[in-house]
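To start, I am sharing the structure in question, which I have written as structure tokens.
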Amino acid sequence: MKRYDLIVVGAGPSGLSAAIEAAKKGLKVVVFDENEKPGGQLFKQIHKFFGSKEHRAKVRGFVIGQQLLDEADEAGVKVVLNATVIGLYQDKEVVVKLGGEVVHYKGDAVIIATGAAENMVTFPGWTLPGVIGAGAAQTMMNLHGVLPGKRVLMLGSGNVGLVVSFQLEQCGCEVVALVDAAPRVGGYGVHAAKVARTGVPFYLSHTIVEAEGDECVTGVTIAEVDSSFKFIPGTEKHFDVDTICLAVGLSPMSQLLKMAGCKMEDNPKRGGQVPISDSYGQTSVPGIFVAGDVSGIEEASSAMIEGRMAGNVAAEYLGYIEKDALKEELDTLDKALDGLRQGMFAPSNRGKLIEKTDEGIEVSQSLLKNGYIADEEIERFPGVVRKVGVHPVIECTQNIPCNPCQDACKKGCISIGKNITSLPIVVDGSECINCGMCVANCSGQAIFLVDEDKGDGSAEITLPYEFLPLPEEGTKGFGLGRDGKVVCEAVVTKCRSSKAFDKTHLLTIKVPKEYAMKARFFKVS
Amino acid sequence: MAERIKEHPILGDIKKGEPVKFTFDGKEVMGYEGEPIAAALKAAGLMVHRYTKKEHKPRGIFCAIGRCTDCVMVVDGVPNVRTCITPLTAGMEVKTQYGVSDKPFEEQ
């Protein structure tokens with residue numbers, strides 16, 4: 001039986017991070033992953049991540065994935081792929097299926113970083129080809145370059161549903177509706193807003209009645225539900241679609257831990273069956289640790305930090321580092337993780353209705369109900385100010401852990417301050433030079449540069465644009481409101497691309513000046 | 001129905017292997033070497049991978065990461081192959097799976 005100091009199960013963000021830290025401390029580490037390629041779900045994430053610099057904010061997920069693989073390589077981490085761990089037995093015996101062979105290994109410490117699996121919901125027709133998980137859509141389009149469908153209905157308004165809807169549109173699919181049985185949008189408002197302004201209608205308090213089709217999906221009917229999630233007769237709506245995408249949450253894949261005899265609990269706040277563990281991933285079985293989604297559903301940024309924690313704890317457990325050195329590492333990681341766990345969407349706030357921001361501003365109810373901020377609500381937020389000349393308008397209205405915008409502006413126009421979850425403000429007396437870095441660097445695509453009055457009755461709006469084809473200068477079309485509906489005629493006056501913008505193009509459109517604070521997207525006529 | 005993404009605004013050109021021919025129920029189909037069989041089928045607009053044993057209901061891609069087993073087919077004579085995680089190679093014989101057989105139910 002082959003022995004390793006540390007065996008990590010899962011080569012996703014947390015598993016790789018754990019392996020890197022442990023290998024750096026001198027442990028002999030192996031990572032097993034059942035997939036053909038390492039990186040877990042990171043390589044399917046094409047949006048810019050949230051957080052601050054230390055969390056690699058504003059870097060796209062797949063780029064972070066590559067950075068992690070490079071780091072693992074450098075640290076000498078051995079990653080074995082197509083290796084399914086099928087058993088975790090007494091004394092940390094790890095049984096791995098490698099091709100047709102079953103091989104036994106022994107780890108002095110084991111870190112389980114198996115991640116999560118998608119949840120499903122059932123409805124008549126849910127087994128038809130064409131009903132797919134949101135993860136399947138991401139896999140098809142972002143890894144294999146295949147369109148998941150042409151006309152898609154998305155069920156689920158959490159961050160996965162919102163982000164995948166946007167990605168579907170980016171690769172050329174039409175998202176006909178975003179549906180959720182919950183009465184409020186579950187994910188970040190900025191993710192919802194960027195989907196809504198392209199014209200995707202949101203149907204909250206709605207769910208699927210039936211998927212239609214004999215051999216595969218040809219249509220879908222949704223209906224409104226009441227507060228006890230029962231269908232309200234007469235509220236049915238029908239859509240012709242070829243694809244129904246389900247984004248209804250994730251469940252930890254914790255089976256190996258249960259098998260190993262770790263004490264488990266059913267914890268809805270963590271997403272289901274999870275091992276009971278301390279804040280650094282130590283389970284009830286000494287030497288078996290957990291990191292990432294398997295110990296509670298969060299997201300990739302926090303999974304990477306949890307991985308680093310577990311890697312360090314395992315190193316100390318096996319005597320490769322002293323307690324003092326461990327404490328120092330954990331203090332830094334604690335701070336980084338705390339930063340991500342603040343704000344309205346913090347794990348501790350799950351399920352709570354938050355009516356006011358930390359600043360005491362009423363949260364936009366339209367954003368929660370319709371996916372966009374209503375025109376009459378927008379000006380109560382501190383990032384939205386009126387000024388003469390070009391200036392940023394920051395439509396970031398919820399307390400989320402993210403601050404790249406304040407570093408992006410070299411002129412100091414934008415400030416978030418010490419608290420990473422504070423709403424960004426436009427600094428009094430600052431001077432915008434129209435460089436566009438804030439627009440491109442905002443992971444939520446919530447910043448616009450607005451010149452409210454060009455002196456000829458028009459206004460110019462610069463907006464983030466991540467679609468193809470890129471409209472050329474002079475292209476005529478329409479300005480769409482935050483709700484995705486046509487509000488005015490518009491013409492493209494500039495389209496800026498730059499390496500520093502990292503594939504977020506800056507589209508400048510000219511609109512009648514009364515629409516300066518209303519038009520937020522461009523559609524070619 | 002589906003097709004391939006020609007140019008992606010963020011990912012640019014998605015790297016693929018060599019174009020190869022394989023068969024789906026005896027008919028020639030094009031795909032790219034190394035991509036999952038299921039991706040090649042999806043790109044060709046082929047949605048039904050199998051019919052269930054008891055109720056003869058159609059199934060296709062569902063999770064696309066090898067967990068749900070909805071997409072299994074008979075590949076080179078072997079039934080229950082998870083097509084979403086099995087790389088395509090030239091000349092592969094991919095067949096619709098009826099129950100656990102490649103023979104339609106009326107012939108079983």
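This is a predicted model, so every value here is computed, not measured. Chain A is the first sequence line, chain B the second, and so forth, proteins listed ahead of strands; every chain is numbered from 1.
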So, do B:Tyr32 and B:Phe22 have ring centers that fall under 6.0 Å from each other?
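No, they do not, as the ring centres are separated by 6.0 Å or more.
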Name the region of B:Ile5, side chain, backbone, both or neither, that has any atom closer than 4.5 Å to a heavy atom of chain A.
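Both parts, heavy atoms under 4.5 Å.
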For chain B, find which of A:Asn82, A:Thr504, A:Thr139 contributes the most heavy-atom pairs closer than 4.5 angstrom.
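Answer, by heavy-atom pair count under 4.5 Å with chain B: A:Thr139.
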Side chain / backbone / both / neither for B:Lys6 at chain A, heavy atoms under 4.5 Å
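Neither; nothing under 4.5 Å.
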Is A:Leu470 close to chain B through its backbone or its side chain, or both, or neither, when contacts mean heavy atoms under 4.5 Å?
neither
When only pairs under 4.5 Å are counted, which of B:Cys63, B:Pro58, B:Cys84 shares the most heavy-atom pairs with chain A?
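The candidate making the most pairs under 4.5 Å is B:Pro58.
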In terms of heavy-atom proximity below 4.5 Å to chain B, should A:Phe62 be classed as side chain, backbone, both, or neither?
side chain
Give every donor-acceptor pair under 3.5 Å between a side-chain atom in residues 119-132 of chain A and any protein atom, sequence neighbours left out.
residue	atom	partner	partner atom	Å
A:Asn119	OD1	A:Ser251	N	3.4
A:Asn119	OD1	A:Ser251	OG	2.5
A:Asn119	ND2	A:Val248	O	3.4
A:Thr127	OG1	B:Arg59	NH1	3.2

From the list B:Lys57, B:Glu35, B:Glu7, the residue making the most non-hydrogen contacts under 4.5 Å with chain A is B:Glu7
Would you say the ring centroid of A:Phe50 lies under 6.0 angstrom from that of A:His191?
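Yes; A:His191 has its ring centre under 6.0 Å from that of A:Phe50.
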Scored by heavy-atom pairs under 4.5 Å with chain A, the best of B:Ile85, B:Asp70, B:Asp13, B:Leu11 is B:Leu11
Cut-off 4.5 Å, heavy atoms of chain B, and the answer for A:Lys48 is neither
With a 3.5 Å distance limit and no angle check, can you tell me whether A:Asp240 reaches the backbone of A:Gly219 through a side-chain donor-acceptor pair?
no
Among A:Glu466, A:Glu34, A:Glu215, A:Met140, who wins on heavy-atom pairs under 4.5 Å with chain B?
A:Glu215
So do the side chains of A:Met141 and A:Val164 get within less than 4.5 Å of each other, counting heavy atoms only?
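Heavy-atom side-chain distance check passes, below 4.5 Å.
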Would you call the rings of A:Phe166 and A:Phe467 parallel, tilted or perpendicular, taking 30° and 60° as the class edges?
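If you compare the ring of A:Phe166 with that of A:Phe467, the planes turn out perpendicular.
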Within-4.5 Å side-chain heavy-atom neighbours: B:Met47 and A:Asp242
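No. Closest side-chain heavy atoms not under 4.5 Å.
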